[in-house]
Amino acid sequence: MLKTHNAGELREDHIGAQVTLAGWVNRRRSFGELIFIDLRDRWGVTQVVVDSSEAPEAHAVADSARAEYVIQVTGEVVARGEEAVNPDMPTGAIEVKAHTITVLNEAKNPPFQISEGGTEPNEETRLTYRYLDLRRARLQRNVILRHETILYIRHFLSERGFVEIETPILFKTTPEGARDYLVPSRVHPGRFYALPQSPQQLKQLLMVAGYERYFQIARCFRDEDQRGDRQPEFTQLDLEMSFVERDDVLDLIEELMIGIVEEVSDKRIGQKPFPRLAYREAIEKYGTDRPDLRFGLHLVDLSEVAVQGDFKVFKNAVESGGKVRALVAPGCAGYSRKQISELEDIAREEGAKGLATIAVNEDGSVKSSIAKFFSEEVLAQIVSTAGAGPGDLILIVADAPAIVNEALSTLRTEFGQRLELIDPDVLHFGWVIDFPLVEWNEEEERWDPSHHMFTSPKAEEIALLDSDPGAVHSNQYDLVCNGYEVAGGSIRIHNREVQERIFELIGFDPAEARERFGHILEAFEYGAPPHGGIAPGIDRLVMLLAGEPNIREVIAFPKNQRATDLMAQAPSPVDEHQLHELHIALAVESEE
RNA sequence: GGGGGCGUGGUGUAGUGGUUAACACGCUGGCCUGUCAAGCCAGAGAUCGCGGGUUCGAGUCCCGUCGUCCCCGCCA
């Protein structure tokens, strides 16, 4: 080893020891004949001091050293003078008096400062020089937090009898879901592998194979457009168990999540045990199936009372199957016209045609552009149904339920932030359960699974599959946290007949189902145990644990919004020769 | 596929159609033996993303284009 100690471990106990450290020049402070170097490695920073009168050669090297030079320092650990102690540094009680300094490698001046205190470069620069960004404290912390999270998961599950099993990256295209990443086969001209969107089928087959408890830190690939919480490749804790019921999975994951948060992060759990919300309840209270549970501001339904006036917008909405729903913003009655118009813009962006407001004055009277359509009595009833009090502002949206919920859910989040109701140190988990099995797809005029096609319907509702599929609930469960979906899972179908019935319901003809999923249908005939599982998204989870705004901050080498790697410049053109071997002719002109 | 924000020395920003594009950090050199975001002095460093247009005059206005970020669609 080129070092005897790391730069984070030296303390007063080491005083008098001869040590060799190696790392990067974090900062250099020169007084001419006396030079301080903050030597940084992965474990911390230690101050090195060089005195020209005591170590002239080392001093000359220190004089020429620059930020990010890789150096090796040998010297004695000494106590700092009383005034020189730095209480902000873990190693601040000591310093290393250097007698030898060696430059192991020089460094160009980096495009942005690695040590803390510099200006924050924009993301394009950070991604282009990702290896330098990864050297900075923020990403070092996040990458290590990610490691600790995954390590915790492996220990936790292994102790409980889970087996980690790898599944193929080169697999088969699936007809539903996201766009696949395809890999051409050289051996089979014209055929393609697909990268897995998740190991869903394989983990179910592992249950058929009798492993009973499987997990994998699995890379998944989906060729869809990016978001702050979506990358083309991402990592899931993929997990499956046999002979379980819903609550077995929920209890296990709840214990795991609490353990991770409490052992690995500096965040606090919002509520234990995690609250459970029926899907319907989540939509009613929050307007979304992934609510931020850190604050209240529940939505309220005003449909019944709102039609008792002459306001056509409300009446028409309800008559055509829509809803009139509201959000009460406490203490916001004084909002100006301009502020209200901003809120209206937010509602419009979510598809609402407008936003009605009722401000409740301190004396209990109301101020509202729609007051003229209602009698005083009805108006008072609206206020009381909404649960608004003096000083509050009621925001009302009337439209189709989906639009109303989306608009109010967005406004709810907006007010959570505006009114500072959100504690950034809290992770408020919750379960959403009792999802509908299928949703009607207007465009394609068919039923789509709301989770995926292997999710089992509630046993007591199977009879409804033929008569009223939309009324059937599934054994699906989602784990939400702070407005993000961090895990989704279900108790699966383990019976061929039921699986074929679902395929039929979502519009696969039997021949197609056999072509695509023959292996799994057949497997169900060879003693498939009842089973279920879940897949927490590691990137999102670590993002929340780290308090970061997007998952790129917890992925070592992420891709940008356009799915390119700015550092390596991937994707890139390939040789004609490579294409030829793969039996591929390009339909676009090559860029080069 | 669509909407929006941003693009100015290495980095981050300011810059109201009008002189030599300003500031901070960083960088280079000098001074300095107790700093730790060291300090002081001096200096270098920008074809204002690119192309076109309007104008006597464009970093600034207009059009296009490229890059990047956010959002909608999409993501079983």
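Below, chain A is the first sequence line, B the second, and so on; all start at residue 1. These numbers were taken from a predicted model, which means no experiment stands behind them.
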Report summary line: To the nearest angstrom, the CD-P distance between A:E349 and B:G5 comes to 12 Å

Report task. For A:Q231, answer base if it contacts any base atom (sugar-phosphate contacts may also be present), sugar-phosphate if it contacts only those atoms, and nothing otherwise; contact means non-hydrogen atoms under 4.0 Å. Result -> nothing

Query raised in the report: So does A:N122 get a side-chain nitrogen or oxygen closer than 4.0 Å to the phosphate oxygens (OP1/OP2) of B:C6?
Result: no

**Report entry** Whole-Å gap separating C1' (B:G39) and CZ (A:F36)
**Finding:** 13 Å

Query raised in the report: When the P atoms of B:C6 and B:A14 are considered, how many whole Å apart are they?
Result: 10 Å

**Report entry** d(CG, A:D38; C1', B:C36) in whole Å
**Finding:** 6 Å

Query - Check: A:F454 ring centre within less than 6.0 Å of A:F517 ring centre - result: yes

Query raised in the report: What is the nucleic acid contact for A:R552, judged by heavy atoms within less than 4.0 Å: base, sugar-phosphate only, or nothing?
Result: sugar-phosphate

Requested in this report: Have a look at A:S30 and say if it touches a base, only the backbone sugar-phosphate, or nothing, with a 4.0 Å heavy-atom cut-off.
Outcome: base

Query raised in the report: Does a side-chain N or O from A:R562 land closer than 4.0 Å to OP1 or OP2 of B:U68, or not?
Result: yes

Query raised in the report: So does A:R29 get a side-chain nitrogen or oxygen closer than 4.0 Å to the phosphate oxygens (OP1/OP2) of B:G39?
Result: no

Requested in this report: Report which part of the nucleic acid A:N560 touches: base, sugar-phosphate, or nothing (heavy-atom distance under 4.0 Å, all strands).
Outcome: sugar-phosphate

Requested in this report: Can you tell me the distance, in whole Å, between the CD atom of A:Q113 and the P atom of B:G12?
Outcome: 13 Å

**Report entry** Listed nucleotide nearest any side-chain atom of A:E124, set B:G67, B:G34, B:U11
**Finding:** B:G67

Query raised in the report: Would A:R66 count as a cation-pi partner of A:Y69, with NZ or CZ less than 6.0 Å from the six-membered ring centre and within 45° of the ring normal?
Result: no

Query raised in the report: Tell me: CD of A:Q569 to C1' of B:C66, nearest whole Å?
Result: 14 Å

Query raised in the report: Quick one: is A:R230 getting a side-chain N or O under 4.0 Å of the B:C74 phosphate, OP1 or OP2?
Result: no

Report task. Give A:Q47 one of three labels, base, sugar-phosphate or nothing, depending on what nucleic acid heavy atoms sit under 4.0 Å from its own. Result -> base

Requested in this report: Grab the CG-P distance between A:L132 and B:U11 for me, whole Å please.
Outcome: 13 Å

Query - Which nucleotide in B:C36, B:U33, B:C70 has an atom nearest any side-chain atom of A:S52 - result: B:U33

**Report entry** Charged N-O contact under 4.0 Å between A:R230 and A:D225
**Finding:** no

Query raised in the report: Expressed in angstrom and rounded to an integer, what is the separation of A:F31 atom CZ from B:C32 atom P?
Result: 13 Å

Report task. Run the salt-bridge test on A:E548 and A:R138 with the 4.0 Å N-O cut-off and return the result as yes or no. Result -> yes

Report task. Whole angstrom is fine here: how far is it from CD in A:E120 over to P in B:U13? Result -> 10 Å

Query raised in the report: Under 4.0 angstrom, heavy atoms only, what part of the nucleic acid is A:A178 near: base, sugar-phosphate, or nothing?
Result: sugar-phosphate

Query raised in the report: Do any side-chain nitrogens or oxygens of A:R66 fall under 4.0 Å of OP1 or OP2 in B:U28?
Result: yes

**Report entry** Pairwise P distance for B:G7 and B:U16, with rounding to whole Å
**Finding:** 13 Å

Report task. Mark yes or no for whether A:R290, through its side chain, and A:G483, through its backbone, hold a donor-acceptor pair below 3.5 Å. Result -> yes

Query raised in the report: Within the structure shown, what part of the strands sits under 4.0 Å from A:S115 by heavy-atom distance: base, sugar-phosphate, or nothing?
Result: nothing

